[in-house]
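One structure is given here, and the rest of the page talks about it.
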Amino acid sequence: MNIKRTDTDALNATITIEIEKADYHHQVDNVLATHRKTANIPGFRKGHVPASLINKKYRIPVLVEEINKLTQSQLNKFITSEKMNLLGNPLPKAQEDIDWDQDNFTFEFEVGLAPEFDVDVKGKKAITQYEIKTDDKTINDQIDRIREQYGKLIAKKEVEEGNEVTGVFRNDEEEINSDATFSTSKIKGKTNLKKFVGAKVGDSLELKTKGLFNDDHDLMNFLKVEHDKAHGLEIPVTFEITEVNEREKAELNQEFFDKLFGKDVIKSEEELVEKLREDAGKQFAQQTDQKLLTDVTESLIENTKFDLPADFLKRWIASNGENQLTEEEAAAEYERSEKGLRYQLIESNIVKNNEELQLKFEDLQEYSRKMIRLQMAQYGHTGATDEEVDGVVARIMSNQEEVKRMSEQLQNEKMLDFFKANAKLKKKELTYEDFIKEAYEA
């Protein structure tokens with residue numbers, strides 16, 4: 001057997017496998033001998049079928065199967081031994097009808113090669129690292145929302161500003177018949193609000209969807225229409241009021257504190273404020289960390305230049321799925337996945353060149369222990385023994401999907417810490433509302 005690699009260019013190569021009779025005939029003969037012992041052919045006793053008949057009936061299918069297995073095995077060994085960094089899987093070159101009566105065979109496989117490139121993590125342009133201030137307004141607004149959530153509803157006959165209204169939106173032509181409950185604070189503009197204020201249970205209001213709510217997402221949710229349809233939707237609707245309620249906020253007392261955090265965990269309004277400030281800080285940190293990771297990723301993709309074997313990858317995508325894709329479908333799928341592939345290569349490059357980023361089994365075990373203890377603490381089990389925790393970890397580590405999920409989480413954490421230490425960053429402190437406007441609404 002002879003295997004060789006021929007590079008077309010830096011990103012494409014062909015692997016040629018030449019197979020001789022000596023490479024396969026012993027295995028083919030053994031399989032045919034087994035068939036002779038077990039074959040049930042009318043007119044012959046089991047185990048006494050003539051070898052010529054077995055050869056005629058089974059030789060070609062057995063030969064094809066054994067050569068395919070041999071070819072795949074040797075191809076994989078060659079790729080491993082040559083340390084070839086491939087994108088996608090090898091694609092066999094199309095051949096005209098193969099003459100299986102010959103002794104020697106040649107097969108060719110096209111492969112796409114991962115590019116060689118350098119990554120400049122620091123970069124030239126600084127990336128904003130947001131830090132959200134847990135200011136008094138944010139905390140007070142949160143307390144108000146929680147007090148409303150845990151408060152009681154007082155039934156009203158007539159709508160007043162700030163009340164909660166329940167009713168049914170209807171438009172027969174658009175087949176809208178949707179129950180909805182919302183606060184009048186979500187209504188946009190004084191003209192719309194006037195239609196609600198003073199209305200009574202049983203009244204039916206004539207409304208227009210355009211500019212009805214402050215947020216188009218509310219229109220989508222309350223009318224139960226698709227996101228794209230809700231944006232800019234301009235149709236008349238009726239809203240029949242079935243219920244009006246005033247929300248009386250819960251009092252800031254011990255009963256309220258206990259409902260939120262458990263008995264006697266919080267004992268005063270001051271402690272409540274500090275607890276919410278601490279929790280908000282953790283939550284905000286998760287959001288700003290995710291934003292930073294996204295921004296660094298986008299920057300690296302944009303500024304790390306390298307070519308990909310695009311034509312090969314499109315052909316591989318076309319043939320890789322359960323159903324064969326057309327050339328146009330494969331090209332579209334490549335366009336959708338190209339950015340993700342580029343970041344995978346960039347991340348692999350960074351990890352390869354920085355040992356502290358490389359995941360070890362012990363790291364994953366320790367990370368699993370940490371996560372399990374946190375989850376147990378959330379359910380009030382704070383005194384778990386090492387034996388209990390290790391038992392849960394062992395079950396997790398035996399589940400391939402869980403191992404994959406936790407590996408990705410840990411890798412993301414390591415990458416985030418690495419970027420914080422090595423990327424060019426500029427810190428910016430702002431309120432949560434300003435963060436949302438600056439980081440996402442644009």
With a 4.5 Å heavy-atom cut-off, do [X] and [Y] have their side chains touching?
X	Y	answer
Gln129	Thr288	no
Pro90	Ile79	yes
Arg342	Phe306	yes
Ile67	Trp100	yes
Phe435	Phe284	no
Lys137	Thr431	no
Thr71	Phe105	no
Arg147	Ile143	yes

Practice problem: Determine the sole option in Leu276, Ile266, Leu272 for which the side chain to side chain contact (heavy atoms under 4.5 Å, CB included) test with Leu260 is passed. | Solution: Leu272

Quiz item: Judged by modelled atom types alone, do Thr138 and Asp135 share a side-chain donor-acceptor pair under 3.5 Å?
Solution: yes

Exercise. Could you list the residues that satisfy side chain to side chain donor-acceptor pair (under 3.5 Å) with Thr16, not counting sequence neighbours?
Key: none

Quiz item: Residues in side chain to side chain donor-acceptor pair (under 3.5 Å) with Gln142, at least two apart?
Solution: none

Would you say that more than 12 heavy atoms from the other residues, nucleotides or ligands in this model lie under 6.0 Å from the [atom1] of [X], or not?
X	atom1	result
Glu173	CD	no
Gln102	CD	yes
Lys426	NZ	no
Asn2	CG	yes

Compare every heavy atom of [Y] with every heavy atom of [X], then report the nearest pair and how far apart it is.
X	Y	value
Thr38	Lys46	O-CE, 3.6 Å
Thr134	Ala280	CG2-CB, 3.9 Å
Lys424	Lys124	NZ-O, 3.0 Å
Gln358	Asp363	O-OD2, 4.0 Å
Met84	Val111	CE-CG2, 4.0 Å
Val225	Ile176	CG1-CD1, 4.2 Å

Measure from the side-chain N and O atoms of [X] to the backbone N and O of [Y], and report whether any donor-acceptor pair falls under 3.5 Å.
X	Y	answer
Ser398	Arg395	yes
Asp23	Met1	yes
Asn354	Leu357	no
Thr166	Thr242	no

Exercise. Could you tell me if the ring centre of Phe222 sits under 6.0 Å from that of Phe239?
Key: no

Quiz prompt | Candidates Lys224, Lys186, Lys188 - the one meeting salt bridge (charged side-chain N to carboxylate O under 4.0 Å, His left out) with Asp218 | solution = Lys186

Quiz item: For His25, what residues pass the ring pair (Phe, Tyr, Trp, His ring centres under 6.0 Å) criterion, not counting sequence neighbours?
Solution: none

